K.L.:
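I'd like to ask you about the structure that follows.
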Amino acid sequence: MTFYTFDYSTRSEIVGTQYPQVWDFIKGYSPEVIDNGLFSLYNSNIDGFPTQVPNLSGLKLANGAKYTDFVSGGFGDYLFILSPKAKLLLEGMKIEEHCFYPSSIVSVRKKVAKDYYIMKIKSNNLGYIDFKQSEFVQQDRYLGKKKGKVEIMSADDFFNKEKEISLKTNWEDCIRCSTIKMRPEFFELGLDLFKISKVDNHWYISTKLFNAINQSKLTGLEFTKVEL
């Protein structure tokens, strides 16, 4: 079945000259958990959601960056920074457990603040991988250089061999999926936005969501077509 992986755009005509577009905070804003800031969405809360709405008003647009509908950030790949238009579109899609939080991004240089949302999402579909039909490789953890195929027969086999390779290479190498196939029951979930697991670390969207993003002319993402 056809899906799409996506990355944040680095095209200067779309996102400007800085990547990520948001990675710092305006003067006077504290992201700390004790101040109910951005860090409330992770640290000890990485697997859950905060009990109160965090203050996310202090995100700073990097000098040279542009506002887009999907904004690249330096705050964890399970946090999505969305324009109101992008949020509205995603609200109509089938997504696993998630929550939207009001935010704003300030351009100090232009003295402009725009309303945004941060979406936190929990997604892991490791149990739906058809390991025997998928292909895995040993690769450099940071540079991505492939160093040979690894046969993986199950989730337990993956974790055991990944740990073994990590220890042997002083955590410089890991195992990642080069071709991933999902079991038939996964497609019955009908998910429009999801991550499979750490075996490949990609985020995926359905053809439905891909078409909707393009029809709405939402900016900030680049897509690659894949078959699962």
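Since we're looking at a predicted model, the values are computed, not measured.
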K.L.:
When you measure from the side chain of Gln21 to the backbone of Ser72, do you find a donor-acceptor pair of N or O atoms at a distance under 3.5 Å?
P.N.:
yes

K.L.:
Given Thr169 and Gln138, is the side chain to side chain contact (heavy atoms under 4.5 Å, CB included) satisfied, shown in steps?
P.N.:
CA-CA 11 Å; Thr169 62; Gln138 178 179 340; 4.2 Å; yes

K.L.:
Can you sort out the partners of Phe75 under ring-ring contact (aromatic ring centres under 6.0 Å, His included), two or more places apart, ordered by chain and number?
P.N.:
Phe25

K.L.:
Under the criterion side chain to side chain contact (heavy atoms under 4.5 Å, CB included), I'd like the reasoning laid out for Lys198 against Phe158: C-alpha separation, chi angles, the key distance, then a yes or no.
P.N.:
CA-CA 10 Å; Lys198 65 173 289 184; Phe158 169 80; 4.2 Å; yes

K.L.:
Let me confirm one number: the NZ-CG distance from Lys60 to Asp24, rounded to the nearest 0.5 Å.
P.N.:
5.0 Å

K.L.:
Can you name the closest pair of heavy atoms from Phe6 and Leu193 and give their distance?
P.N.:
CE2-CD1, 3.8 Å

K.L.:
Sub-3.5 Å donor-acceptor pair from the side chain of Asn124 to the main-chain atoms of Leu126, do we have one?
P.N.:
yes

K.L.:
Out of curiosity, Ile213 CD1 to Leu218 CG, how far, rounded to the nearest 0.5 Å?
P.N.:
6.0 Å

K.L.:
Under the ring pair (Phe, Tyr, Trp, His ring centres under 6.0 Å) rule, what pairs show up with a residue in residues 175-202, not counting sequence neighbours?
P.N.:
Phe3-Phe194, Tyr128-Phe186, Phe186-Phe194, Phe194-Tyr204

K.L.:
Tell me the closest heavy-atom pair linking Leu89 and Ala212, and the distance in Å.
P.N.:
CD1-O, 3.5 Å

K.L.:
Holding to ring-ring contact (aromatic ring centres under 6.0 Å, His included), I want the full list of residues that pass it with Tyr117, two or more places apart in sequence or in another chain.
P.N.:
none

K.L.:
According to a 4.5 Å side-chain heavy-atom criterion applied to Ile, Leu, Val, Met, Phe, Trp and Tyr, with indirect links allowed, do Ile105 and Ile26 form part of one hydrophobic cluster?
P.N.:
yes

K.L.:
Rounded to the nearest 0.5 Å, what separation is found between the CE atom of Met182 and the OG atom of Ser134?
P.N.:
8.0 Å

K.L.:
Does Ser178 reach the main-chain N or O of Glu135 with its side chain, forming a donor-acceptor pair under 3.5 Å?
P.N.:
yes

K.L.:
List in chain and number order the residues that pass salt bridge (charged side-chain N to carboxylate O under 4.0 Å, His left out) with Glu97, two or more places apart in sequence or in another chain; answer none if no residue qualifies.
P.N.:
Lys122

K.L.:
Does anything in residues 205-217 form a side-chain hydrogen bond (donor to acceptor under 3.5 Å, both in side chains)? List the pairs, not counting sequence neighbours.
P.N.:
Asp192-Ser206

K.L.:
Under the rule for ring-ring contact (aromatic ring centres under 6.0 Å, His included), what residues qualify as partners of Phe100, not counting sequence neighbours?
P.N.:
His98

K.L.:
Kindly give the heavy-atom pair with the smallest separation between Ala113 and Val106, and that separation in Å.
P.N.:
CB-CG2, 4.0 Å

K.L.:
Grab the two heavy atoms, one from Asp69 and one from Ala86, that are nearest each other, plus how far apart they are.
P.N.:
O-CB, 3.7 Å

K.L.:
Do Asn201 and Asp77 have side chains that approach each other closer than 4.5 Å (heavy atoms only, starting at C-beta)?
P.N.:
no

K.L.:
If Ile, Leu, Val, Met, Phe, Trp and Tyr residues are connected whenever their side-chain heavy atoms lie under 4.5 Å apart, and connections chain through other members, are Leu228 and Met93 in the same group?
P.N.:
no

K.L.:
Do Leu221 and Tyr8 have side chains that get closer than 4.5 Å, going by heavy atoms?
P.N.:
yes

K.L.:
Could you check whether any side-chain N or O of Tyr67 sits under 3.5 Å from a backbone N or O of Ser83, counting only pairs where one atom can act as donor and the other as acceptor?
P.N.:
no

K.L.:
How far does CD of Gln52 sit from CG of Asn36, to the nearest 0.5 angstrom?
P.N.:
4.0 Å

K.L.:
Taking all heavy atoms of Ile81 and all of Ile118, pick out the closest pair and write down the distance.
P.N.:
CG1-CG1, 4.3 Å

K.L.:
Hydrophobic clusters here meaning ILVMFWY residues chained together by side-chain heavy-atom distances under 4.5 Å, can you tell me if Ile129 and Leu189 are in one?
P.N.:
yes

K.L.:
Measuring from Ile175:CD1 to Asp157:CG, what's the distance to the nearest 0.5 Å?
P.N.:
8.0 Å

K.L.:
Does Ser123 reach the main-chain N or O of Lys195 with its side chain, forming a donor-acceptor pair under 3.5 Å?
P.N.:
yes

K.L.:
Can Leu59 be reached from Val112 by stepping across I, L, V, M, F, W or Y side chains whose heavy atoms are under 4.5 Å apart?
P.N.:
yes

K.L.:
Given the rule in the side chain to side chain contact (heavy atoms under 4.5 Å, CB included) test, do Arg176 and Val199 qualify, once you have shown the distances and angles that lead to the verdict?
P.N.:
CA-CA 5 Å; Arg176 291 293 178 263; Val199 302; 5.8 Å; no

K.L.:
Taking all heavy atoms of Leu82 and all of Tyr116, pick out the closest pair and write down the distance.
P.N.:
O-CD2, 3.1 Å

K.L.:
Validate the cation-pi geometry between Lys120 and Phe49: distance from NZ or CZ to the six-membered ring centre under 6.0 Å, angle to the ring axis within 45°.
P.N.:
yes

K.L.:
Determine whether Tyr101 and Pro50 make a side-chain contact, defined as any pair of heavy atoms from C-beta on separated by less than 4.5 Å.
P.N.:
yes

K.L.:
How about Thr68 and Ile14: do any of their side-chain heavy atoms sit closer than 4.5 Å?
P.N.:
yes

K.L.:
My understanding is that only residues two or more places apart in sequence, or in another chain, count here; which of them pass salt bridge (charged side-chain N to carboxylate O under 4.0 Å, His left out) with Glu96?
P.N.:
none

K.L.:
I'd like to know if the side chain of Ser103 and the backbone of Leu56 have a donor-acceptor N/O pair within less than 3.5 Å.
P.N.:
yes

K.L.:
Hey, what do you get for CD (Glu172) to CD (Gln139), rounding to the nearest 0.5 Å?
P.N.:
13.5 Å

K.L.:
Connecting only ILVMFWY residues whose side-chain heavy atoms lie within less than 4.5 Å of each other, what is the rest of Leu167's hydrophobic cluster?
P.N.:
Trp171

K.L.:
Lys168: what forms a salt bridge (charged side-chain N to carboxylate O under 4.0 Å, His left out) with it, not counting sequence neighbours?
P.N.:
Glu164

K.L.:
Does Asp200 reach the side chain of Thr5, with side-chain heavy atoms less than 4.5 Å apart?
P.N.:
no

K.L.:
Applying salt bridge (charged side-chain N to carboxylate O under 4.0 Å, His left out), name anything that partners Arg183, two or more places apart in sequence or on another chain.
P.N.:
Glu185

K.L.:
Enumerate the residue pairs fulfilling side-chain hydrogen bond (donor to acceptor under 3.5 Å, both in side chains) with a member in residues 142-156, sequence neighbours excluded, ordered by first and then second residue.
P.N.:
Lys147-Asp173

K.L.:
List for me each residue that meets ring-ring contact (aromatic ring centres under 6.0 Å, His included) alongside Tyr4, sequence neighbours excluded, and say none if there are none.
P.N.:
Phe210

K.L.:
For Ser57, does its backbone N or O pair with a side-chain atom of Ser104 as donor and acceptor, under 3.5 Å?
P.N.:
yes

K.L.:
Flag yes if Phe80 and Ile95 sit in one hydrophobic cluster, no otherwise; membership is Ile, Leu, Val, Met, Phe, Trp, Tyr, and two members link when side-chain heavy atoms are under 4.5 Å apart.
P.N.:
yes

K.L.:
Within the structure provided, determine whether Thr219 and Val15 are in side-chain contact (heavy-atom separation under 4.5 Å).
P.N.:
no

